[in-house]
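Structure first, then comments.
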There are 2 protein chains.
Amino acid sequence: MKEETPLVYVVDDDPSIRKALERLLGSAGYDAKTFASALEFMDFDHPDVPGCLVLDIKMPELSGLELQDRLTEKGIFIPIIFITGHGTVPDSVRAMKAGAMDFLQKPFKDSELLGVVSRAIARHGRLRQKKRQMNTLRARLDTLTPREREVFRLVVRGMLNKQVAYDLGITEKTIKVHRAQVMQKMGAQSLADLVRLAEKLGVRSSTV
Amino acid sequence: MKEETPLVYVVDDDPSIRKALERLLGSAGYDAKTFASALEFMDFDHPDVPGCLVLDIKMPELSGLELQDRLTEKGIFIPIIFITGHGTVPDSVRAMKAGAMDFLQKPFKDSELLGVVSRAIARHGRLRQKKRQMNTLRARLDTLTPREREVFRLVVRGMLNKQVAYDLGITEKTIKVHRAQVMQKMGAQSLADLVRLAEKLGVRSSTV
DNA sequence: TTCCCCATTGGACCAAAGTCCAATATATTT
DNA sequence: AAATATATTGGACTTTGGTCCAATGGGGAA
């Protein structure tokens with residue numbers, strides 16, 4: 001299909017580091033985009049391609065850890081690799097707890113960084129894939145009418161049409177209509193499919 | 001139901017630390033059991049209660065990190081809180097990557113440790129709960145005959161009895177028999193249930 | 001060899017789900 | 001006021017799924 005060149009962002013206030021990493025990443029076949037500060041990175045409009053973020057911890061204004069938090073709040077889930085000259089244990093623990101891919105201390109070997117970058121990009125690919133799936137699923141869920149949503153919820157809970165009808169105080173006939181609509185709109189080929197979609201969407205269903 | 005007192009294991013080669021932690025944990029309402037070495041801890045037969053492990057990094061023979069690896073290999077998933085006097089960044093990163101709850105440097109505040117311990121125990125409770133569920137599920141799956149397993153797999157994929165029959169080269173009638181057996185043995189009240197069980201068990205079903 | 005498990009199938013039904021076509025009633029929007 | 005989306009129901013079937021009772025044949029285990 002579409003062969004997208006992964007894009008690696010580098011955020012570091014040291015120009016020499018930026019230049020060195022840009023060269024290293026370029027030679028490894030990646031596109032690289034560098035930023036001198038976290039704010040600069042935040043302002044940038046990120047293209048929708050697989051990639052990762054190589055981030056210095058200590059920077060003026062917004063630190064790397066703070067940037068990590070901001071991105072998390074914004075729902076941006078690009079894998080982060082921290083690099084640092086004199087990182088502390090608490091910093092590294094905080095970064096890892098917040099989901100960082102790795103936390104490297106300078107100086108590190110080129111191969112070491114490239115290995116992590118490669119894994120980070122692979123992970124980002126999987127995350128993007130899953131996110132796309134969720135987006136289309138939620139879009140479909142949004143097309144359901146309130147009534148259809150109720151029927152959806154009760155059906156995937158395992159209730160018979162008859163029981164759903166009783167629950168909602170309407171006829172079984174009507175349930176069948178809604179149910180057919182739900183299957184149609186959600187793009188489910190079978191009840192089994194529908195149940196799996198419900199699980200992914202977190203539709204409260206399981207009585208277990 | 002059964003109110004079990006959480007059990008906190010402390011592994012540290014420094015007797016004064018062991019004694020101090022034992023007192024602290026005891027005053028917080030936990031049972032505490034101390035060990036002077038990783039090997040000593042491994043030899044101990046762990047009772048089945050919620051708890052966590054407070055582990056020193058640097059110890060003779062087997063280090064804390066090595067113990068962590070051993071436990072992972074053995075499928076023992078008790079949350080680990082590392083404590084260390086002079087821990088390094090690489091050590092903390094390795095520990096966190098391997099799933100540690102936290103990595104504290106001495107000296108730390110009592111309240112800090114107790115907070116982490118509390119969260120660790122809560123997590124362990126959830127993990128134990130999930131593991132028990134999986135055990136009963138797998139036990140049920142084990143009672144299925146080979147043929148029943150095949151029918152299980154195809155049914156939760158969303159195939160009609162008719163299609164399953166064609167696939168296996170037998171009659172639809174026979175499928176119904178197996179299918180009923182599967183529902184019975186797996187303890188599923190509905191097809192929706194069965195699909196969810198299959199997902200948890202990782203029964204390859206989704207065509208997506 | 002006899003007993004039990006597994007796999008298979010038939011017959012006879014009943015229950016549940018799905019499908020077309022059609023119709024009515026509200027509420028909201030244009 | 002006309003158009004649209006939502007919710008509801010009926011009738012008339014067809015297809016699927018589920019259940020009971022009964023029976024056959026092969027392969028191990030006692």
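Residue numbers start from 1 in every chain, and the chains themselves are labelled A, B, ... in the order their sequence lines are given, proteins ahead of strands. Side-chain atoms are counted along with the backbone in the values below, which use heavy atoms only and exclude waters and symmetry mates.
A:Glu61 pairs by the side-chain contact (heavy atoms from CB on, under 4.5 Å) definition with A:Leu39, not counting sequence neighbours. Qualifying side-chain contact (heavy atoms from CB on, under 4.5 Å) partners for A:Arg123, counting only residues two or more places apart in sequence or in other chains: A:Pro79, A:Met101, A:Arg126, A:Leu127. Annotation: side-chain contact (heavy atoms from CB on, under 4.5 Å) contacts of A:Ala32 (sequence neighbours excluded): A:Glu22, A:Leu25.
Axis angle between the ends of the helix from C:dT1-D:dA30 to C:dT30-D:dA1, five pairs each and rounded to 10 degrees, works out to 40°.
Within the structure, ring pair (Phe, Tyr, Trp, His ring centres under 6.0 Å) contacts touching residues 124-157 of chain B (residues at least two apart or in different chains) are B:Phe77-B:His124. Residues in residues 30-50 of chain B take part in these side-chain hydrogen bond (donor to acceptor under 3.5 Å, both in side chains) pairs, two or more places apart or across chains: B:Asp48-B:Arg128. Counting only residues at least two apart or in different chains, salt bridge (charged side-chain N to carboxylate O under 4.0 Å, His left out) contacts with residues 64-82 of chain A comprise A:Asp69-A:Arg94. Residue pairs that meet the salt bridge (charged side-chain N to carboxylate O under 4.0 Å, His left out) test with at least one member in residues 133-149 of chain B, sequence neighbours left out, are B:Arg147-B:Glu150, B:Glu148-B:Lys185.
Ring geometry for A:Phe103 versus A:Phe82: interplanar angle of 30 to 60°, hence tilted. Classification of the B:Tyr9-B:Phe35 ring pair by plane angle, with boundaries at 30° and 60°, yields tilted.
Here CG of B:Leu55 is found 8.0 Å from CD of B:Gln68. Values are rounded to the nearest 0.5 Å. Here the CG atom belonging to A:Leu67 is positioned 6.0 Å from the CG atom belonging to A:Leu62, to the nearest 0.5 angstrom. Annotation: the span from B:Ile81 atom CD1 to B:Phe108 atom CZ amounts to 9.5 Å, rounded to 0.5 Å. In this structure, the separation between CD1 on A:Ile78 and OG1 on A:Thr72 is 12.0 Å, given to the nearest 0.5 Å.
Side-chain atoms of B:Arg179 never come within 3.5 Å of backbone atoms of B:Val151 as a donor-acceptor pair (strictly under, hydrogens ignored).
The side chain of B:His178 places an N or O atom within less than 4.0 Å of a non-bridging phosphate oxygen (OP1 or OP2) of C:dT8.
Atoms CD (B:Gln189) and C1' (C:dA16) sit 17 Å apart, rounded to a whole Å. Look at CE on B:Met183: it is 15 Å from C1' on C:dA15, rounded to the nearest Å. Between the CZ atom of B:Arg179 and the P atom of D:dT16 there is a distance of 12 Å, rounded to whole Å. In this entry the distance linking NZ of A:Lys176 with C1' of D:dT14 reads 11 Å, nearest Å. In this structure, A:Ile175 atom CD1 and D:dG10 atom P are separated by 13 Å, rounded to whole Å.
By the 4.0 Å N-to-carboxylate-O rule, A:Asp102 lies close enough to B:Lys97 to be salt-bridged with it.
Of all the residues in residues 158-172 of chain A, A:Ile170, A:Thr171 reach under 4.0 Å from DNA chain D with at least one non-hydrogen atom. Across residues 136-148 of chain B, B:Thr145, B:Pro146, B:Arg147 each have a non-hydrogen atom less than 4.0 Å from an atom of DNA chain C (numbered order).
Evaluated for a side chain to side chain contact (heavy atoms under 4.5 Å, CB included) with B:Val195, the options A:Leu194, A:Asp193, A:Val195 yield exactly one hit, A:Val195.
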Please list each protein N or O that sits under 3.5 Å from an N or O in nucleotides 24-30 of chain C, with the distance.
none

Sugar-phosphate or base contact per nucleotide [nucleotides 21-30 of chain D; S, B, -; heavy atom under 4.0 Å]: ----------

